[in-house]
Number of protein chains: 2
Amino acid sequence: MDADTPAPRRRARRRPAGPDRVSARDVARHAGVSIATVSRVLNDSGPVADRVRRLVAQAIDELGYTPNAAARALVRSRSETIGAVVPTLENATFAIAVEALQSRLRQAGYTLLLASSGYDRSNESTQVRALLARGVEGVMVVGGAHDPEIEQLCAARGVPLVQTWTLRPDVACVGFDNRAVGRQLADYLLDLGHRQIGVVAGVTRGNDRAAERVAGITEALAARGLDLPREQLIERPYRIAEGQIGLRALLASEPRPTAVICGNDLLAFGAMLEARKRGIRVPDELSIAGIDDLEFAADLDPPLTTIRVPAEEIGRRSAEYLIDRLDGQTVATVTEVATSLIVRGSTGPAPQRGDRE
Amino acid sequence: MDADTPAPRRRARRRPAGPDRVSARDVARHAGVSIATVSRVLNDSGPVADRVRRLVAQAIDELGYTPNAAARALVRSRSETIGAVVPTLENATFAIAVEALQSRLRQAGYTLLLASSGYDRSNESTQVRALLARGVEGVMVVGGAHDPEIEQLCAARGVPLVQTWTLRPDVACVGFDNRAVGRQLADYLLDLGHRQIGVVAGVTRGNDRAAERVAGITEALAARGLDLPREQLIERPYRIAEGQIGLRALLASEPRPTAVICGNDLLAFGAMLEARKRGIRVPDELSIAGIDDLEFAADLDPPLTTIRVPAEEIGRRSAEYLIDRLDGQTVATVTEVATSLIVRGSTGPAPQRGDRE
DNA sequence: TTGTAAGCGTTATCAA
DNA sequence: TTGATAACGCTTACAA
C-alpha cells in the first residue's frame with residue numbers, strides 16, 4: 001500500500017460547485033450592517049445592540065450562512081481539530097477507544113481527524129505528519145515507541161501529543177504497564193502450578209505493547225528460575241485464525257505447555273478453538289488466557305480468563321488530556337488506567353503429572 | 001450526552017505555542033527568492049529553474065517548513081478532507097468499513113474527519129452539519145433514511161454525499177438491499193421446512209437497515225401465507241448480551257419458533273449462547289442465523305449461518321465514489337455490493353413434529 | 001523563468 | 001455600539 005504518495009488529482013475545480021458560497025459579507029449586506037458586526041454576533045465578541053443582533057441572526061438564517069472554517073482557522077491559527085493514529089480499527093479495542101475519543105472531543109467542539117498505521121512505524125510517522133500538516137492542535141497515538149520524528153514534530157509546533165496504551169514517565173500518556181500485565185498473567189499461572197508456559201504473542205516488531213507483555217512474562221518466569229525458550233514463544237498477528245496457528249505451533253514443541261498466555265483475546269479465542277478441535281480439555285489439560293476482555297470473552301466456552309483493559313476510558317481520558325492542555329490548564333501528564341485480572345473458566349491448576357492421557 | 005453544544009473554551013491563545021510557525025515568506029527569504037516561487041516548487045505549478053528549485057527545497061528542509069493547510073484551503077476553497085458519520089465504531093462491521101474508507105482516501109490525498117451518531121438520527125444530522133462547517137468536500141453516512149436536512153445541506157453546497165449499507169435508486173449509494181437479505185434468510189429457512197420463525201432484530205427506530213431486514217422477512221413469510229406475529233419479533237440493540245435476552249423472549253412465546261433470524265451476528269451469537277444455556281440443541285431443535293459474517297462467525301459452535309456483508313468493500317468503494325466525483329468524473333451513483341448466504345452448521349431442517357422432547 | 005500583487009473569508013484593532 | 005481596515009498564509013493571474 002502506498003499510502004504515502006497521494007496520487008495527483010485529475011482536474012482541480014476552483015470552487016466547490018453549487019450556489020456560490022455565502023460569506024459574512026453577504027450576511028452583512030443582507031442585514032445592513034458591517035461585516036465586523038456579523039463576526040461579533042457570530043462569536044459573541046464585543047457588544048451588539050439587541051435589535052441588530054436579531055437582524056443579523058435572521059440574515060444568517062435566511063441565507064443559510066455557515067462561517068468558513070478555513071478562514072477562521074487561518075486568522076485564529078486554531079483549527080479546533082485533533083488527530084489520532086491507531087494501528088487498526090479492526091481491533092475492537094482501538095475502535096472502542098476511538099469512539100470514546102471522538103465523542104469526548106466533539107463535546108468540547110473539536111473534530112477528530114483519524115488515520116491508521118497498520119502497525120507500521122514508518123507509516124504511523126507519515127500519518128502523523130499528514131495530520132500535522134492539516135493543522136491538528138493535538139495528536140493521539142497508540143504505544144510509546146515511535147519514529148522519534150513524531151515527538152519532535154509535535155514538540156516543534158507545540159502540539160500536545162498523548163501516547164496511549166502505555167505508561168512512560170517522560171511523556172504525556174494514558175495507559176497501563178504492559179509489562180506488569182504480562183507479569184501478572186504469568187504469575188497467576190505460575191501460582192496455579194504451571195511450569196510449562198507457552199506464549200502466543202502479537203507481532204512484537206513495531207509494537208512495543210506486545211513486546212512489553214512478552215517481557216513481563218519472561219520476567220515473571222525468570223523470577224522463579226524458569227525461562228521462556230524460543231519454541232514456546234510464537235508471534236502472530238492479532239486475529240482469531242492466527243491464534244489457532246499459534247497454538248498448533250506450541251503443541252508441536254516439547255515439553256508441551258500446560259498453559260498458554262495469548263497476546264490478546266483474539267489470539268486466545270483462536271487458541272481455544274484449536275484446543276477444542278484437538279480434543280484438548282480447557283482448562284483441565286491446558287489453561288488459556290488472553291488480554292483485553294473483549295465483549296465475547298465472557299461468553300466463550302469455557303469463559304476466557306483475561307486482563308480487562310478499559311479501552312473506552314483510555315480514549316476518553318486522552319481526549320480530556322488534550323482538551324485541558326489546549327485550554328491552557330496544567331494537567332497530569334501520566335494517567336494510569338486500571339487493568340485487572342479477570343479469572344474465568346479457561347484457566348485452572350496445572351495438571352498433575354500423569355493427569356494427562 | 002449533549003454532543004450538540006460544545007462547551008466554551010476557557011482561555012483562547014492567539015497562536016499555538018512553540019517557535020513561531022515558519023511560513024512561505026520565511027522560506028522565500030531564506031532561499032533568496034519570491035514567495036510565488038516557493039509556491040511554485042511546492043505545488044509544481046509553473047516553471048522553476050532547476051537551480052532555484054533545489055535552493056527552495058533546501059530552504060524548506062532546513063526550516064522544516066510545512067504549508068499551512070488552512071491558508072491553502074481558504075484560497076483554493078478545497079479542504080481535501082472527507083467526513084464520515086457511522087452509527088458506532090463498536091460494531092466491527094462499521095469499524096472495518098471506516099478503516100478501508102480512510103485508507104483509500106489517504107491514498108488520494110484526502111484526510112478523514114470521523115464522527116459517530118449512536119444510531120440517533122438527530123445526532124447524525126448534527127454531526128454532518130459540524131463536518132460540513134469544517135469544510136469537508138464529501139460526506140459518507142450509513143443508511144438511506146436520515147433527517148432530510150442532510151441531503152439538503154450537502155446539495156446546497158455541492159458536496160457529494162454517499163449513503164452506505166443501503167441501495168436507493170435516487171441517490172448515490174454503496175450497499176445492498178437489506179430487504180432482500182431478510183427475504184433470503186427467511187426463504188432459506190422456509191425451504192428447510194420451518195414454519196415458526198422468530199426474529200431478534202436490531203432496534204428499527206432510526207435504523208432503516210434493521211427495519212428493511214425485518215420487512216424482507218415479513219414479505220417472505222407473507223409470500224407463503226404466513227405472518228410474523230408481534231410476539232415473534234423482538235427488537236434489541238446490537239450486542240451479544242441482547243441476543244440472549246431476545247431469544248429468551250422468543251422462547252417464552254407460543255408456538256415456540258423452530259428457527260430464529262437475528263438482525264446481525266452479535267445478536268445471533270447471543271441467541272446461540274442462550275440456546276446452549278437452556279440445553280436447546282442447535283440446529284436440531286432450533287436454527288439460528290445472523291447477518292454480517294463477522295470474523296468469529298465461522299468459529300462459533302456450531303458455526304453460524306449468516307449473510308456475508310463486504311464491509312471493507314463498502315468502505316473502499318465509498319471512498320472511490322467520492323474521490324472520483326471530486327475529480328470531476330462522472331461515476332455510477334448506485335453501487336451494489338454482493339452479499340451472500342453462508343450456510344453453516346447453526347441452521348438445519350425444521351424438526352419434525354414430535355422430534356422435540 | 002521570476003516577481004508583484006490581488007484576493008480567499010475571517011477576526012480583531014482602532015477610531016468614530 | 002458600530003464600521004473601516006489590517007492581518008492570517010497561501011495561490012495565481014499578470015507583468016517583467
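Below, read A as the first sequence line, B as the second, and so on, with proteins coming before strands; counting in each chain starts at 1. Here the structure is a predicted model, which means the values were calculated and not measured.
Backbone-only engagement by A/Ala49 is indicated by non-hydrogen atom pairs under 4.0 Å involving sugar-phosphate atoms exclusively. Across all strands, A/Ala36 comes closer than 4.0 Å to base atoms (heavy-atom distances). Note on A/Val38: nothing from the nucleic acid sits closer than 4.0 angstrom, heavy atoms only.
Atom C1' of nucleotide D/dT2 and atom CD1 of A/Ile35 are separated by 14 Å, given to the nearest angstrom. Here the P atom of nucleotide C/dT10 and the CD atom of A/Glu80 are 15 Å apart, to the nearest Å. Here the P atom of nucleotide D/dG9 and the CZ atom of B/Arg21 are 9 Å apart, to the nearest Å. When the C1' atom of D/dT11 is taken as reference, atom CZ of B/Arg78 falls 14 Å away, rounded to whole Å. One interatomic measurement links the two molecules: CZ of B/Arg29 to P of D/dC10, which rounds to 12 Å at whole-angstrom precision. Atom CG of A/Leu74 and atom C1' of D/dA6 are 13 Å apart (whole Å). Atoms CZ (B/Arg25) and C1' (C/dT4) sit 13 Å apart, rounded to a whole Å. Following rounding to the nearest Å, B/Arg76 (CZ) and C/dA6 (P) show an atom-to-atom distance of 22 Å.
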Practice item. Could you walk me through whether B/His146 and B/Gln163 pass the side chain to side chain donor-acceptor pair (under 3.5 Å) test, one step at a time? Key: CA-CA 10 Å; B/His146 315 270; B/Gln163 314 197 24; 3.0 Å; yes

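When distances are taken from the side chain of B/Ser39 to each of C/dT10, C/dT11, D/dT12, the shortest belongs to D/dT12. Looking at the side chain of A/Pro47, the nearest of the listed nucleotides C/dT10, D/dC10, D/dT2 is D/dT2. The listed nucleotides are C/dT10, D/dT11, C/dT2; the one nearest the side chain of A/Pro67 is C/dT10.
A salt bridge between B/Arg53 and B/Asp44 is present, with a side-chain N of the basic residue lying under 4.0 Å from a carboxylate O of the acidic one. Between B/Arg72 and B/Glu80, none of the side-chain N atoms (NZ, or NE/NH1/NH2) sits under 4.0 Å from a carboxylate O, so this pair counts as no salt bridge.
A donor-acceptor contact shorter than 3.5 Å is absent between the side chain of B/Ser103 and the backbone of B/Glu99.
In terms of phosphate contacts, B/Ser77 brings no side-chain nitrogen or oxygen within less than 4.0 Å of OP1 or OP2 of C/dC8. Distances shorter than 4.0 Å separate none of the side-chain N or O atoms of B/Ser34 from OP1 or OP2 on C/dT2. Not one side-chain nitrogen or oxygen of A/Ser23 sits closer than 4.0 Å to the OP1 or OP2 atom of C/dG9. Regarding contacts with the backbone of C/dC8, every side-chain N or O of A/Asn68 stays at 4.0 angstrom or more from both OP1 and OP2.
If you check the side chains of A/Arg325 and A/Tyr321, you find a donor sitting under 3.5 Å from an acceptor.
Nearest-nucleotide assignment on DNA chain C puts the 5′-proximal partner with B/Asp50, out of B/Ala71 and B/Asp50.
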